[in-house]
Protein chains: 2
Amino acid sequence: MTEAHWTPPAVMLAVDLVILTLRDSRLHVLLVERGVEPYKGSWALPGGFLEHAEEDLATAAHRELAEEAAMDVETLHLEHLNVYGTPGRDPRGRVVSVAYLAIAPGLPEPTAGTDAAGARWQRTDQVLCGELELAFDHQKIVADGVERARAKLERSSLATAFCGPTFTITDLQRVYEAVWGIPLDPRNFYRKVQKSSGFIIAADTDRKVTTGRPARLFKAGPRKDLYPPMVRPTEPFDMKGPEG
Amino acid sequence: MTEAHWTPPAVMLAVDLVILTLRDSRLHVLLVERGVEPYKGSWALPGGFLEHAEEDLATAAHRELAEEAAMDVETLHLEHLNVYGTPGRDPRGRVVSVAYLAIAPGLPEPTAGTDAAGARWQRTDQVLCGELELAFDHQKIVADGVERARAKLERSSLATAFCGPTFTITDLQRVYEAVWGIPLDPRNFYRKVQKSSGFIIAADTDRKVTTGRPARLFKAGPRKDLYPPMVRPTEPFDMKGPEG
DNA sequence: ATAATAGTGTCTATGAGACATTATGGG
DNA sequence: CCCATAATGTCTCATAGACACTATTAT
């Protein structure tokens, strides 16, 4: 706003969604197959432009999710992830995309919506290593989303959101292992989680039926922020590595 | 993108900057006095609209910083903070603002640039408690920026960026105390920081002149991510408080 | 000497990690 | 009985927090 009667340039605003879930003890991300140019036929994150100038960003995110993947999860909690606005990232012109992150328990198999040729769950590790190439800069967006999820497991009780309404402590451990990508000791995990006051509380329902001793069932506790945090192991610093 | 020949609506894109620094061992944020409507005369974060449709967001942020606060800190590292796009947050129409966060050592007293009537450093605690009301939703943006800074001190070596090129361990402690808003034990802090490999390294320059024993000088080490993190004390969870 | 700040040592409680052991179900 | 998984206990080491003490300058 340099001049009095100058009007700011308009840009196209889009939303992109990183929907993470757990399937077969592996972290998956929701992808759609693009039905229109550009990148027609490529896999991409669900998302799209604002419908009208007054549409709320979160509203647009939910709408795109329903349109492209036929998911009407009104209850899905979307969290702002980042903004991707490098000029040239979209061949259609100046598009600034606001990325949202959602994390949820075993979601249903998606079906392609009106705007997409297909929709499916994809293992995040296959996306991160480049085994499957995504449209636009969506690989970077997925990487940011996964890293955010990893960090959130440490200080928040988010992991319980990956599980169903009730779960065993082993179920919870699987979440941490899948998202962090490392194995954890069951005994120590058990102690740590139970000692974290307010994290999980016993559910007085039946136990989980399985081979072996039946496990107790728990549900998410009232605590949202964990203290002390569940610190994830990191390699120590050796004062000479290229990074850290 | 529902129809084939439908074009997305255009929105006005703005950037806002949360520039944090330390003055007199207190956290301060850079504010400008608005010279134009709306909110003319109110204090607000520096920022403004994109100049043209192809301008990069980070470029716009640096430009606004120079225009409004006469700061030509090209080297200032701006980090994406959040997006504020609630319809109605700006009376001029649909404005989506991308907030950036920067953290730097004792910056100079700002001078009002071409677009602002004034510029000054303001204590963040006075902004957060509402003692000074800001334009738009800028109080919320400041709160988000401060919380982000607090969290970053734990896992990154960011605190050294608040200091000059060399600093004493006490200087570093003042940073943590000011940002976290709590006192720390000097002896334990000393041990902890020195044991964190790669965090700080001794500078073989002179010692700091002061009354009392002269202090050793250090400079930032190569390590960017701290492990184990410098966990900030938090009140324990009592299973009944309204929050946690 | 005294004041003032820098830097070190020591003690204790707690948590992390490794791993043995017991408990409880189904074949 | 054996097998599989759940749940608990024990040991050791590292760290956090509290705080006494020594060191080095200026006045």
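Each chain gets a letter, A, B and so on, in the order the sequences are listed, and its residues count up from 1.
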Practice prompt. Mind calculating the distance between CD1 (Ile169(A)) and C1' (dA23(C)) to the nearest angstrom?
Written response: 15 Å

Practice prompt. Using whole Å, report how far CZ of Arg191(A) lies from P of dC11(D).
Written response: 13 Å

Discussion item. Are more than 12 heavy atoms, taken from residues, nucleotides or ligands other than Lys140(B), located less than 6.0 Å from that residue's NZ atom?
Written reply: no

Practice prompt. Describe the nucleic acid contact of Thr170(A) in one word from base, sugar-phosphate, nothing, applying a heavy-atom distance below 4.0 Å.
Written response: sugar-phosphate

Worksheet item: Applying the side-chain contact (heavy atoms from CB on, under 4.5 Å) test to Leu45(B), which of Val142(B), Val15(B), Leu17(B) qualifies?
Response: Val142(B)

Practice prompt. Answer yes or no for Arg120(A) and Trp43(A): cation-pi contact, defined as NZ/CZ to six-membered ring centre under 6.0 Å and angle to ring axis within 45°.
Written response: yes

Practice prompt. Please confirm whether the backbone N or O of Leu27(B) pairs with a side-chain atom of Thr124(B), one donor and one acceptor, at under 3.5 Å?
Written response: yes

Practice prompt. To the nearest Å, give me how far apart CZ (Phe167(B)) and P (dA6(C)) are.
Written response: 14 Å

Worksheet entry | Polar side-chain atom of Gln139(A) near backbone of Glu133(A) as donor-acceptor pair, under 3.5 Å | no

Practice prompt. Convert the base pairs of DNA chain C into dot-bracket notation, remembering that pairs crossing earlier ones are written with [ ] and that bases paired across to another strand are shown as |; include only Watson-Crick or G-U pairs under 3.5 Å.
Written response: |||||||||||||||||||||||||||

Worksheet item: Where the side chain of Thr166(B) meets the backbone of Lys219(B), is there a donor-acceptor pair that is under 3.5 Å apart?
Response: no

Discussion item. Given dA6(D), dA16(D), dG7(C), identify the nucleotide with an atom nearest to the side chain of Ala215(A).
Written reply: dA6(D)

Worksheet item: What is the distance from CD of Gln173(B) to C1' of dT5(C), rounded to the nearest Å?
Response: 12 Å

Fill in: Any donor-acceptor pair under 3.5 Å from His62(A) side chain to Leu76(A) backbone
yes

Worksheet, complete the sentence: What residues 183-190 of chain B contributes to the DNA chain C interface at heavy-atom separation below 4.0 Å is Arg187(B), Tyr190(B)

Worksheet item: Rounded to whole angstroms, how far apart are CD1 on Ile182(A) and P on dA16(C)?
Response: 14 Å

Discussion item. If I take atom NZ in residue Lys192(A) and atom P in nucleotide dT14(C), what distance separates them, rounded to the nearest angstrom?
Written reply: 17 Å

Just the table, please: protein N/O against nucleotides 24-27 of chain D N/O, every pair under 3.5 Å.
| from | atom 1 | to | atom 2 | distance (Å) |
| --- | --- | --- | --- | --- |
| dT24(D) | O2 | Arg213(B) | N | 3.4 |

Worksheet entry | Integer-rounded Å distance: dA6(C) P and Leu172(B) CG | 13 Å

Discussion item. Could you check whether Arg187(B) pairs with Asp185(B) (Lys NZ or Arg NE/NH1/NH2 to Asp/Glu carboxylate O, under 4.0 Å)?
Written reply: yes

Worksheet item: Are any side-chain N or O atoms of Trp180(B) and backbone N or O atoms of Arg150(B), one a donor and one an acceptor, separated by less than 3.5 Å?
Response: yes

Discussion item. Classify Arg216(B) by what it touches in the nucleic acid, base, sugar-phosphate, or nothing, heavy-atom distance under 4.0 Å.
Written reply: sugar-phosphate

Worksheet entry | Side-chain ion pair, Glu79(A) and Lys152(A), N-O less than 4.0 Å | yes

Fill in: Verdict with reasoning, Arg123(A) to Asp125(A), per salt bridge (Lys or Arg N to Asp or Glu O under 4.0 Å)
CA-CA 6 Å; Arg123(A) 278 173 47 182; Asp125(A) 53 355; 2.7 Å; yes

Fill in: Protein-nucleotide distance (Arg232(A), atom CZ; dA16(C), atom C1'), rounded to Å
18 Å

Worksheet item: Quick one: do Asp144(B) and Arg148(B) make a salt bridge, cutoff under 4.0 Å?
Response: no

Item to complete: Name the nucleic acid region contacted by Gln194(A), choosing base, sugar-phosphate or nothing; use a 4.0 angstrom heavy-atom cut-off, strictly under.
Response: sugar-phosphate

